[in-house]
Every structure is written in C-alpha cells, then in structure tokens.
Amino acid sequence: MTHWLVAPVLLPALLAPIMLLFLRRRLMESRVLSIGGCLALLALAVVLVAQADTGVTQTYAMGDWRAPFGIVLVLDRLSALMLLTTAILALAVMIYAVVTGLDRRGWHFHPLFQFQMLGLNGAFLTGDLFNLFVFFEVMLIASYGLMLHGGGGARLKAGVQYVVINLVGSTLFLVAVGLLYGTTGTLNMAHMGERIGQAPVGDHGLILAGGLLMVAVFALKAAIAPLHFWLPRTYASTSAPMAALFAIMTKVGAYCILRFTTVTFGEGAGEMAWAPAPYLLPAALATMLVGFIGVMGARNLRHLAAFSVVGSMGTLVSAISVFTPQSTAAALYYLPHSTFAAAALFLVADQIARRRGEYGDVLSPSPVFVQAGVLSGLFFLTAIAVVGLPPLSGFPGKLLILDAVRDAPGGWWIWGFILGTTVIGLLAFARAGSTLFWKSAATPGEIKAAPAVAPIASALVVAGLLSILALLTLAGGPVSAYLNATGEQIYEAGAYGGAVLAPGEGG
Amino acid sequence: MSIEFLVATAVGVMSAAGIYLVLRARTFPVVLGLAFMSYAINVFLFASGRVVINQPPIWGKDVTAYSDPLPQALVLTAIVIAFGMTALVVVLALRTYLETGVDQVDGLADPPGQKPPPPEESAVLGPEPAAPPAGEARR
C-alpha cells in the first residue's frame, strides 16, 4: 500500500485552509500556491496513471480500517484517467482565471477552487457510497461559491436554481443510500455488489428502487434528459473559466453511473445485473437530441456552449449505457475530449464577448472586433473539436463509439442519433461562426470595448487545450491501448471487488 | 399502532410537505420545503438501520441485539450538511431578492396581473421572513 493514492485528496485539503487562514489578503502568494497546487496535482495524476497502468487495483484503507468496515480509496485505470483529466483541466482553468483577473473579483476564489479539487478527486477515488456523498457535497458547496464568484443579478438568479436543484438531488442521494444500506447492510460499493447478488427475492424491489434512484441522482449531475434543465442557464450565467471547470462536473455524474453500475449492478448482481442500462439508453438519446437542438436554437455563444455540453453528455452516456468493454473504452476516449473541447469553447466565447463590447456574445453581426483573425481561427478549431470533425479528437472519439456499439442492442439508434446530431451541430456552429466573423466583416462601424486583458496568455490557454485534443488524436494508439485495458479491467469479474475486499491477494 | 407505522407516516407526511413546498414559486417556501425534505430523510436514514427501541449500542462482543450505529453516523453527517446548506440557500435567496428585486425561483419577474411588492416596502418586508435562519448561520 503506497501513500501516493491519498495525495490527490490530501493536497487540496491542506492547501485550501492554508490559503483561507494565512493568505486571505495576499493575492500573489495565493496565486503562486494555487498554480503550484494544480501543477503538483498534475504530476501526481501522471504518477498515479503510471501506477494504475500496471494493471493492479490499489486500495488505501483510511485509518487502516479494512473494507468493508472502513472507508477505502481505490485507484484503478478509470480513476487515474479521471484524475488526470481533472488535473489538466484545472491547471488550464486556473491559469486563465489568474491571467484574466477573475480571482480579483471577490474573496476566497483560490481556497474554493482547491476545495473543488478536493471534492472532485475524492469522488473519483472513493470506494464507499456514503463517502461519495460527502465528496459530492464538498464539490457542490465549492461549486456554489465558484459559480457565484464575481456576482451580478443574472448569476445570482441562476445560482438559486442551481443550489436548489442540487439540494434536492442530495436529498434523493440520501434516500437511495438509505434504501441500499437498509437492504444490503453495507455502504462499501464492492461489498454491496456482493450482497446484492445474494439478496433474497423479497428485497429485490427495494434494491432496484435504491439503485435506480442512485443512477437518477448521477444522471441529474450528468445533466441527462429529462434532468438537464438546470445546466444551460447555470453554465451560461457563470464566469467563463468556471463554466469551463464545470465541464468536468457533469463528467463526475457519467463516471459515477459507470462505476456504480459496474461495481454494484454488474454481473455479480444476478437477476438484477445491469438494471439501469435499459433506462439510460433512451435518456441518453433524448439528451443528445435536446442538446444539439439547443445548440441550433441558441441566441448567444454561451448558451451554444452550454447546450453543446448537454449534447456531448448524451453522446457519452449513450456509449456508457451499452456496458461492454469496447463501448466503455470508446466512451472514455470521448470523455476527456468532450471535457477539454467544452472548456475551450467556453473560453473562446469569453474572449470573443470581451472584445465585442456592448454586443457581448449575442449571435448577431457586429462591426469587426480586434484580433478577430486569431479568434476566428481558435473558434474554428474549437467548433471542429466540439462537433467531431477530423482532424481533432472528436472525430476518432465518435468513430470509436460508433464502432463499439455496432453489435449492441439499440446500436443502430445510437448510430442514427450520433450522426444526425453531428449534422445539426455542424450546421449550428457553421451558422454561429459565419455570423460572428463573416457577416461581421461586412458590418460597418466601430466597437467600443475595453482592451482585452492579457490577450496572448488567454489565447495560449485555449491553444493549449486544443493542442491536448490534437495530442489525443496523434497519440491515439497508446491512449486507446490504455483505454482498452481500462475497459477490460472494469468488466473483469472480481478485479475491483477482490482488490477492495481482500487486499494483499489481488493487489 | 406499530412504531413502524408511526415512522413511515412521519417520513411520508414530511416528504409530501417538502415536495409540495419545493415546487412553490417563491424562494421562502422552497427553503422550508428543502428543510422538510431533509428532516424526512433524516428519519428515513434512522429507519434504514431497522426500527428498534430500548436496545443498547454495540459495546461488548456478547451483545446480540443492538441498535445499528451506522445510520446514526450517517444522519449526523446529513444533518450537518443540510444545516449548512439551508443557511447558504437562505443567504443566497435573500441576496438575490435584495439585488434583483425578484423573489421567484425561476428568476422571472412577477406577471403584471399579480401585484409586485412596492420597492420601498420590499426593502423592509424582504429580509424579515428569512432573517432568523440567516442570523443562525452567522452564530
């Protein structure tokens, strides 16, 4: 048992109070510490990915209380992948927030950001259902603060909705935990999976209710239709870097659906195996459609970006809902891609809105703004990534999903919806781009806008995110090899449960 | 009347009240509804360890019938989180009302048919119903 495993949770948990207590009024030191923390998390994530890639599922028993009595953190390839995705995104967002001065616009930005990291990393590592709830709450409480950071009436109004819907979600999470604990007598996910397989028939109804309710809560976080209504308004009204960071929050929902279903409702669950799957597929298809229709109907860039997040969640969850190693590997290729692409889109939208003065990010022609050439290039590349055209990683991502679901029941539905929504997305982005850049070129007049803050640095952040997408494509071979191994590991009987419940034997 | 019936009806009534109130348009009933839902869930979590009375906690290895300590730990955590969240949502709702003059959860202004609160009255009336919880949060 190495102690590296607990570091991604421990590091932000230590940094946040230090910044809160000692660096309250010292922005420069906070920034240094915060970026340093993000860099350290990235290094840790790389180390953990390398460790996970040996194929051993590591566990870390908190306080040396063995599972199922204590809380365990579990690191396998899937968790390591999520940690790495989070760390890369966090670093990019943090740099963008610092160079554009978002962290000046209110108190406690940096501690909140670290608490957000604590919640995210914890949720990806924990193997205990109630501990997952606690990390969810840490993540959400920090996200309330970050979502409202910078203030403003529209943000507050959207914030009330965001907080209320998540509080209801947390309540339902507890109902589901209570049902599952009441019927299985355990909170450890792997142990729960074992117990569900042996549960008496009389308890099946309650277990199913608990399990499906749990998946519904994760679907709420993942913004799966019909539980997606909170997302567009929240993401469109918060600041751009935070919307970019929240691109990973929806992925937490997708990760939890995958983890929870495979561990507790996997093959070991007997009659109830894969119970959530038949509900997930239609919901995912509806999400895809709603998302891309929303992209088509969006009147401003931030709504366009927010709806594209909904659409990409639909694509992602449709691949997850098939629950085979191949489809999961494909989904996991699409997951980091869609996270970084959505983040880049929010940041590009912010850059464009900053330069258009009173026109903001409304999709209507305006006079030419400064640096339109560079931004049109960045927007073009981001749009290519989000829609899923070659050469960026959206294309191989969608291709892998299509290939993996070919033989699955309902696979043709996924084909139809993915191809159809790609066309809708293509049209919507083409229209948005031509309105913003071509029609604007023909509009006379001049824009009164304050000169953009740190134009080069912020463009470089976007370029950095896009270059990661390019890297995902170029390194497609090794990445796919890792992801295929991840898919195999997730569905390997007893790989997770064996490591958690009998450490020392499996790992 | 069995104790299970008592607990079940308590959970049921509180959940029903909570759901009704959460679906209201204005923020204050919604806050109350969230509080009701968290009360309901606390009682429900207790019941998930089976409803037993007059049983000792686990303190010796020869004790066979005992009250399950785990749900109590869960409820304690849930109470803390729900309490903090209620304080947050009260402050947030109040701030939203004072900054935007809108008390609707959907963020839309009152339709012209209903009379909106007059501005000078709203500054007086606005904080009043929500003030005690906000004060608690500060303490």
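In what follows, chains carry the letters A, B, and so on, assigned in the order in which the sequence lines appear, proteins first and then strands, with residues in each chain numbered from 1. Just so we're clear, the structure is a prediction, and the values are computed from it rather than from any experiment.
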Worksheet item: When rounded to the nearest 0.5 angstrom, what distance separates CG in B:Leu34 from OG1 in B:Thr27?
Response: 11.0 Å
Worksheet item: Have A:Tyr162 and A:Thr238 got a donor and an acceptor in their side chains that come within less than 3.5 Å?
Response: no
Worksheet item: Would A:Ser170 and A:Glu137 count as having a side-chain donor-acceptor pair, cut-off 3.5 Å?
Response: yes
Taking all atoms of both residues into account, what is the closest heavy-atom pair of [X] and [Y], and its distance?
X        : Y        : result
A:Asn166 : A:Lys221 : OD1-NZ, 3.2 Å
B:Gly18  : B:Phe36  : CA-CB, 3.7 Å
A:Ala223 : A:Trp230 : CB-CZ2, 4.1 Å
A:Leu220 : A:Gly169 : CD2-CA, 3.6 Å

Portion of [X] that has a non-hydrogen atom of chain A nearer than 4.5 angstrom:
X        : result
B:Ser15  : neither
B:Ser48  : both
B:Val105 : both
B:Ile41  : side chain
B:Asp68  : side chain

For chain A, which of [options] has the most heavy-atom pairs under 4.5 Å?
options                             : answer
B:Glu99, B:Met85, B:Met37, B:Arg50  : B:Met85
B:Asn42, B:Asp106, B:Val22          : B:Asp106
B:Val89, B:Leu74, B:Leu45           : B:Leu74
B:Thr96, B:Thr100, B:Ile81, B:Ile19 : B:Thr96

Identify which part of [X] has an atom lying under 4.5 Å from any heavy atom of chain B, answering side chain, backbone, both or neither.
X        : answer
A:Leu148 : side chain
A:Arg155 : neither
A:Val163 : side chain
A:Leu140 : neither

Discussion item. Please verify the inter-ring angle class for A:Phe136 with A:Phe218; under 30° counts as parallel, over 60° as perpendicular, anything in between as tilted.
Written reply: tilted
Worksheet item: Picking from A:Met147, A:His303, A:Arg302, A:Lys157, what satisfies side-chain contact (heavy atoms from CB on, under 4.5 Å) with A:Ser237?
Response: A:Met147
